[in-house]
Protein chains: 2
Amino acid sequence: MITDNQHRKSKQREKILELLQGTQIHPTANWIYDQMKQEFPNLSLGTVYRNLNILVEQNKVKKIIAGSTFDRFEANLGEHCHMICEKCGVITDFEIGIDSSLISQVEENLECKIRHHKFDFFGICKKCRNQ
Amino acid sequence: MITDNQHRKSKQREKILELLQGTQIHPTANWIYDQMKQEFPNLSLGTVYRNLNILVEQNKVKKIIAGSTFDRFEANLGEHCHMICEKCGVITDFEIGIDSSLISQVEENLECKIRHHKFDFFGICKKCRNQ
DNA sequence: TTCTATGCAAAAAGTTTGCAGTTAA
DNA sequence: TTAACTGCAAACTTTTTGCATAGAA
């Protein structure tokens, strides 16, 4: 494991990364906690969360399906994408021409049925760029 | 407002829908609560959440950037999409050829800087289809 | 020796739920 | 009249944080 200047080596953090690198299931913090309990009987969930945040910060791990923010709601039921500004948090709707064959391409590859999709773009919005 | 058989009319729910239909900002439950406080001084946040869930159930409103589930993590840092099974919750990685001009198209339209994006497909996975 | 990491427990943040009273149909 | 809706408060779930101790460098 490559260590940076800010963080020391830790058995727990190494194990968390190892678990994440060795699984396809996109686990929750709690799943990781359960896996580690045998090897680290006194492990606490707080340690798992703390280390996950460090690993995300170090770009060794990604957090997906961002929870922890507030639920947000909209009444725009049409098909559209979101551009989420990482600076001010504003969400802007827009439409792009999604090639409809894209969906069937996915369905064929994974042999699944797609019911809907969500395309989110993250970056800096016009307003924040000009400040 | 069109009512179904299960739900009666409610001033609060009507107002919530009206607010959502009249804004672009993809509000949180708490923002809605604040907007309504003047008109409904005794309003409770619980009522807002309850009605938002009813409106979502009625397909009059969408919940976006799904919070409330667990955070999920992955160590796959390459560019890929997720197929999320709505039945069993399994998340499957896959790659699709995203036309790179798509990003610059979005950047030009919104005059913004896109740093990353997230494409999620929701549906029924192969395993669940065959059950 | 120093300062990060840990376990524990308490707190925080966001959402849901039970209850008794209110209201739409 | 009946059953959904409401406000209130308590409970719940997920994540973060403060503190004293352990451990890496």
Side-chain angles (χ1 to χ4, degrees), chain A residues 1-20 26-58 60-74 89 91, chain B residues 1-20 26-58 60-74 89 91:
Chain A
M1 179 189 261
I2 304 142
T3 47
D4 54 35
N5 296 326
Q6 312 208 49
H7 296 289
R8 295 180 183 171
K9 190 158 100 167
S10 114
K11 293 244 159 51
Q12 288 87 338
R13 188 152 65 242
E14 283 178 348
K15 182 68 183 181
I16 291 170
L17 183 55
E18 188 189 313
L19 279 170
L20 279 169
H26 310 77
T28 62
N30 201 65
W31 182 90
I32 293 169
Y33 173 74
D34 285 340
Q35 299 299 307
M36 292 177 69
K37 256 297 183 183
Q38 198 168 7
E39 190 173 338
F40 304 88
N42 296 321
L43 181 69
S44 80
L45 240 195
T47 296
V48 175
Y49 275 110
R50 249 185 305 232
N51 278 311
L52 282 169
N53 285 338
I54 291 170
L55 289 168
V56 167
E57 196 183 291
Q58 293 175 332
K60 291 180 186 158
V61 154
K62 280 201 295 190
K63 190 192 266 197
I64 56 175
I65 314 196
S68 77
T69 29
F70 303 74
D71 282 348
R72 311 268 299 244
F73 300 86
E74 66 181 352
I91 302 175
Chain B
M1 180 187 260
I2 304 143
T3 47
D4 54 36
N5 296 325
Q6 312 208 50
H7 297 288
R8 294 180 182 172
K9 192 158 99 165
S10 115
K11 293 244 161 50
Q12 289 87 338
R13 187 151 67 241
E14 283 179 347
K15 183 66 184 182
I16 290 171
L17 183 55
E18 189 189 314
L19 279 169
L20 278 170
H26 309 77
T28 61
N30 200 66
W31 181 90
I32 293 169
Y33 173 74
D34 286 341
Q35 299 299 306
M36 292 177 69
K37 257 296 183 182
Q38 195 166 11
E39 192 173 338
F40 305 88
N42 296 321
L43 181 68
S44 79
L45 239 195
T47 296
V48 175
Y49 275 111
R50 249 184 307 231
N51 279 312
L52 281 169
N53 286 337
I54 291 170
L55 289 168
V56 168
E57 196 183 292
Q58 294 175 331
K60 291 179 184 156
V61 155
K62 280 201 295 189
K63 190 191 267 200
I64 56 175
I65 315 199
S68 75
T69 29
F70 302 74
D71 282 348
R72 310 269 299 246
F73 299 86
E74 66 181 351
I91 303 175

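Side-chain atoms are counted along with the backbone in the values below, which use heavy atoms only and exclude waters and symmetry mates. So you know, we letter chains A, B, ... as the sequences are listed, proteins then strands, and number each from 1.
In terms of heavy-atom proximity, A:H7 sits nearest to A:R13 at CB-NH2, 3.4 Å. Residue A:A29 comes nearest to A:V48 through the heavy atom pair O-CG1, 3.6 Å, listed as atom of the first residue, atom of the second, then distance.
Comparing C:dT4, D:dT16, C:dA24 against the side chain of B:K9 picks out C:dA24 as the nearest. Side-chain proximity of B:R50 to C:dT17, D:dA24, C:dA25: nearest is C:dT17. Distances from the side chain of A:T47 to the nucleotides D:dA24, C:dG7, C:dG18 place C:dG7 closest. Checking D:dA4, D:dT16, C:dT16 against the side-chain heavy atoms of B:H7 singles out D:dA4 as nearest.
Rounded to an integer number of Å, the gap from A:L55 CG to C:dA5 P is 11 Å. A:R8 has its CZ atom 6 Å from the P atom of C:dT4, to the nearest Å. In this structure, A:E57 atom CD and C:dT4 atom C1' are separated by 13 Å, rounded to whole Å. B:I54 has its CD1 atom 8 Å from the C1' atom of D:dC5, to the nearest Å. Distance CD (B:E14) to C1' (D:dC5): 13 Å, rounded to an integer number of Å.
The side chain of A:S10 places no N or O atom within less than 4.0 Å of a non-bridging phosphate oxygen (OP1 or OP2) of C:dT4. Taking only side-chain nitrogens and oxygens, B:N30 never comes nearer than 4.0 Å to OP1 or OP2 of C:dA13. Side-chain N/O atoms of B:N51 include none lying less than 4.0 angstrom from OP1 or OP2 on D:dC5. Residue A:Q12 places at least one side-chain N or O under 4.0 Å from the OP1 or OP2 atom of C:dG7. Using a 4.0 Å cut-off, some side-chain N or O of A:R13 falls inside it from OP1 or OP2 of C:dA5.
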Could you go through A:N53 and A:R50, starting from their C-alpha distance and side-chain angles, then the distance that decides it, and tell me whether this counts as side-chain contact (heavy atoms from CB on, under 4.5 Å)?
CA-CA 5 Å; A:N53 285 338; A:R50 249 185 305 232; 6.0 Å; no
I would like to know whether B:K15 and B:I32 meet side-chain contact (heavy atoms from CB on, under 4.5 Å); could you show each step before the answer?
CA-CA 9 Å; B:K15 183 66 184 182; B:I32 293 169; over 6 Å; no
Assess whether side-chain contact (heavy atoms from CB on, under 4.5 Å) is satisfied between A:K60 and A:I54, documenting all intermediate values.
CA-CA 9 Å; A:K60 291 180 186 158; A:I54 291 170; over 6 Å; no
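Of the residues listed (A:T28, A:L43, A:I16), the one engaging A:Y33 in a side chain to side chain contact (heavy atoms under 4.5 Å, CB included) is A:L43, and it is the only one.
Residues from residues 33-46 of chain A with heavy atoms under 4.0 angstrom of DNA chain D, sorted by number: A:L45, A:G46.
Ion pairing between B:E14 and B:K11 fails under the 4.0 Å rule for side-chain N and carboxylate O.
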